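Everything numeric here is computed off the predicted structure, so don't read it as measured data.
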Amino acid sequence: EIYTVDKATCERIMQKVTDLADLTLDKLDPNALTMLEVTQKGREDLKVSFDKENKISAESHDKNGLATLVMHSPIENLLVYPYNIESGLLYDYDKFKLDKMVELGDEKYADYGLDDPTMTIAMADTENSVTLRVGKKTEDGGSYYVTPYGNKGVYNMSENDLAPFFDYD
């Protein structure tokens, strides 16, 4: 017997595993950020965290009532207000997303530069955390290959989404 099927049905049947991948990252609340670390080849690491035991942070909290973060690198003991990070590095975090899955599995990480990442981004708030390894640029130059921690897939992520992390000065 021969059956005919419309194009839309055929496209649903012909999808690959990479087409069905979950492209969401855990949502973070920039106002409740507890940790941000960016390590990048050829640059000093950026390390910021909430440290209620830090004297400078405690004084700021007592004086202003604001929970402040403390930078540990590249400058030690510098106060960082959460809104500075939100309006800078995390300005568009709600749009921060994986574009598409390129490869399922970690066997070919070296092909994508993920065995020795160009950059690693780790962020956490009071409830969730996100860690991304960033590899090579894609052939078209508009994206990078990335893999989220705990996930064995290789994904594309827009260069625009990653730009603030490459230029965190």
Side-chain angles (χ1 to χ4, degrees), residues 23-99 102 106 109-169:
L23 301 176
T24 59
L25 294 169
D26 285 341
K27 291 297 177 199
L28 297 177
D29 179 358
N31 291 313
L33 198 69
T34 58
M35 183 271 298
L36 171 65
E37 292 184 4
V38 180
T39 57
Q40 189 177 158
K41 286 184 178 179
R43 294 195 67 185
E44 283 191 77
D45 295 348
L46 173 65
K47 294 184 180 184
V48 178
S49 67
F50 176 69
D51 182 3
K52 64 182 178 184
E53 303 300 320
N54 182 289
K55 181 181 176 189
I56 297 169
S57 182
E59 285 174 4
S60 175
H61 182 269
D62 293 344
K63 182 178 176 183
N64 303 317
L66 295 173
T68 54
L69 304 169
V70 178
M71 183 178 291
H72 305 286
S73 176
I75 302 169
E76 193 159 338
N77 283 326
L78 178 69
L79 284 182
V80 179
Y81 294 100
Y83 58 79
N84 290 341
I85 292 174
E86 182 181 11
S87 65
L89 282 174
L90 300 180
Y91 177 72
D92 277 339
Y93 184 77
D94 58 331
K95 297 175 188 161
F96 197 67
K97 65 179 176 34
L98 304 170
D99 292 332
V102 183
D106 56 3
Y109 273 5
D111 295 348
Y112 301 102
L114 294 167
D115 57 329
D116 185 26
T118 303
M119 177 170 49
T120 301
I121 304 165
M123 302 176 279
D125 66 10
T126 54
E127 295 182 19
N128 295 309
S129 65
V130 172
T131 300
L132 285 176
R133 288 187 292 182
V134 180
K136 297 177 185 175
K137 260 190 172 180
T138 58
E139 291 76 32
D140 67 7
S143 299
Y144 283 87
Y145 296 111
V146 301
T147 188
Y149 180 77
N151 183 314
K152 293 192 181 223
V154 176
Y155 300 83
N156 284 354
M157 182 175 266
S158 163
E159 182 176 20
N160 290 337
D161 286 353
L162 294 167
F165 297 98
F166 277 108
D167 304 320
Y168 57 76
D169 291 335

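With hydrogens and angles disregarded, no donor-acceptor distance shorter than 3.5 Å links the side chain of S143 to the backbone of T138. Checking side-chain atoms of T147 against main-chain N and O of G153 turns up a donor-acceptor pair under 3.5 Å. Without hydrogens or angle criteria, D45 side chain to T39 main chain gives no donor-acceptor distance under 3.5 Å.
Counting heavy atoms from C-beta on, the side chains of E159 and Y144 come closer than 4.5 Å. Put simply, the side chain of F165 reaches to within 4.5 Å of the side chain of L36, judged on heavy atoms. Residues L69 and S49 are not in side-chain contact: their nearest non-hydrogen atoms beyond the backbone lie 4.5 Å or more apart. Here the side chains of V130 and P148 are not in contact, with every heavy-atom distance at 4.5 Å or above. Contact of the K41 side chain with the D116 side chain is registered, since non-hydrogen atoms from C-beta on lie closer than 4.5 Å.
The CZ atom of R43 sits 13.0 Å away from atom OG1 of T118, with the distance rounded to the nearest 0.5 Å. Here the CE-CE distance, from M35 to M123, works out to 9.0 Å after rounding to the nearest 0.5 Å. Atom CG in L98 sits 8.0 Å away from atom CG in N151 (nearest 0.5 Å). Separation of atoms CD1 (I121) and CD (E37) is listed at 12.0 Å; rounding is to 0.5 Å. Taking CG of N156 as the reference point, atom CG of D140 lies at 7.5 Å (rounded to 0.5 Å). Residue D125 holds its CG atom at 13.0 Å from CZ of F50, rounded to the nearest 0.5 Å.
The two residues L114 and Y145 have their closest heavy-atom pair at CD2-O, 3.6 Å. When all heavy atoms of R133 and P117 are compared, the pair lying nearest together is CD-CG, 3.8 Å. Annotation for P74 and E44: closest pair CB-OE1, 3.5 Å, computed over non-hydrogen atoms. Of all heavy-atom pairs spanning N128 and K27, the tightest one is ND2-O, 3.0 Å. The two residues D99 and S158 make their nearest non-hydrogen contact at OD2-N, 3.0 Å.
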